[in-house]
Amino acid sequence: MRLWHNRGDGTFEDVTQKAGLGDATSKTLGVTILDFDNDGWPDLLFANDTQPNKLYRNNGNGTFTEKGVLAGVAFSEDGVARAGMGVDAADYDRSGAPSILISNFSNQMLALYHNEGKGLFVDEAPRSEVGRASLLTLGFSCFFFDYDNDGWPDIFVANGHIDADIERVQVNVKHAEPPHLFRNLGQGKFQEVTKEVGAAFTAPRIARGAAYADIDNDGRLDLLVGTNGGPAVLFHNEGGANKSLRVKLVGTKSNRDGIGAVVRVTAGSDSQSQMMRGSVGYLSSSELVLTFGLAQHEKADAVEIRWPSGQMDRLLNVAVGEMIAVTEGKGRTASRPYAQK
């Protein structure tokens, strides 16, 4: 991989070696940004194919230190370096710290590394429906997103094998495969609901990339899935009655899109946070807007933004049902209500 430092004058400098990221043993297919130790400095996670995953802790001085083995995310529970494809991170259980999702090869199952704090992770997939349901599928793009706006991040995985003749060797493994959609039930539990969201959604495909966005400004996240040798497929979220709030960041001292900023939304006793990131999953970029599902709450009591510059902004009593723009150091600068249905 390469890390390019933006000099701020329209040019970039290759700082890969200087930053401590010049490890030639990585076969990286997925990269995500997360602040796994909540120190305010964004860290890097590399999902590697047949090589140990790498977790680079940001030292806060332009350098990184690799912590994958010590953190417990380098290998599977039985010490195997899996075929990591896609990767994402989110605080799926409202513990206050981001956990990690990695898609792997068939017969390897998904990895769901729960952040235990103090720099340690434990893979919860083998003991959950996430692992059991994904054992035979081959996952590429994967991410957390709240498809039902209940305030708990769900899981989507785009599946598809790389071998067109795989069924001749393994009769239970298919070339074209349905995706996985796991609904977050809270308390760290997930339930696969793929078959419940429509026949078109469950059709087998040779999927690779996938991304999410609210394409029609109705407050619900839609899905775009790319297929190998076939057309892209756009799934419109028909949704339900749950409410949401969408936040667009505009950096001033920080970067323009607020990438790396952490936004926390509190509504009653519910509190959730997300980091703004550009790339998620595998070879895919989703929209640069954060969508917070708020169930039946009529407002967010507080919206707090911690910008990469260290600037903190806080808004109070924010109505749901709209997308708001927050400019660093200025607070709310624009809003747009959702389209009427």
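- A salt bridge is defined here as a Lys NZ or Arg NE, NH1 or NH2 lying under 4.0 Å from an Asp or Glu carboxylate O, and Glu304 with Arg314 meets this definition.
- Listed by chain and residue number, Arg94, His297 satisfy the side chain to side chain contact (heavy atoms under 4.5 Å, CB included) test with Asp270 (two or more places apart in sequence, or in another chain).
- The stretch residues 150-160 participates, sequence neighbours left out, in these salt bridge (charged side-chain N to carboxylate O under 4.0 Å, His left out) pairs: Asp150-Arg183.
- Taking Glu177 as the reference, Thr137, Leu138, Asn159, Val173, Lys174 meet the side chain to side chain contact (heavy atoms under 4.5 Å, CB included) condition, with sequence neighbours excluded.
- With respect to the salt-bridge test (charged N to carboxylate O, under 4.0 angstrom), the residues Arg246 and Glu287 qualify.
- Salt bridge Asp146/Arg220: absent, no basic N to carboxylate O contact under 4.0 Å.
- For the pairing with Leu181, the side-chain contact (heavy atoms from CB on, under 4.5 Å) check across Leu223, Thr202, Val157, Thr194 returns one residue only, Thr194.
- The aromatic rings of Tyr56 and Phe64 lie perpendicular to each other, with more than 60° between the two planes, well past the 30° mark.
- Every pair passing salt bridge (charged side-chain N to carboxylate O under 4.0 Å, His left out) that includes a residue from residues 107-123 is listed here, sequence neighbours excluded: Arg82-Asp123.
- Checked against the 6.0 Å centroid criterion, the rings of Phe190 and Tyr92 qualify as a close aromatic pair.
- Applying the salt bridge (charged side-chain N to carboxylate O under 4.0 Å, His left out) definition to pairs two or more places apart or across chains, those involving residues 327-338 are Glu322-Arg332.
- Among residues two or more places apart in sequence or in another chain, the side chain to side chain contact (heavy atoms under 4.5 Å, CB included) test is passed with Val233 by Arg205, Phe235.
- Using a 4.0 Å cut-off between charged nitrogen and carboxylate oxygen, Arg7 and Asp9 do not count as a salt-bridge pair.
- Between Phe36 and Phe121, the angle of the ring planes lies from 30° to 60°, which puts this pair in the tilted group.
- In summary, the side chains of Gln170 and Asn107 do present a donor paired with an acceptor at a separation below 3.5 Å, with no hydrogens or angles considered.
- In the hydrophobic cluster analysis, where Ile, Leu, Val, Met, Phe, Trp and Tyr join through side-chain heavy atoms closer than 4.5 angstrom, Ile324 is grouped together with Val320.
- Between Tyr147 and Phe145, the ring planes are tilted. Angles from 30° to 60° get that label.
- Checking Lys189 against Ser128 by side-chain atom types alone, no donor-acceptor pair falls below 3.5 Å.
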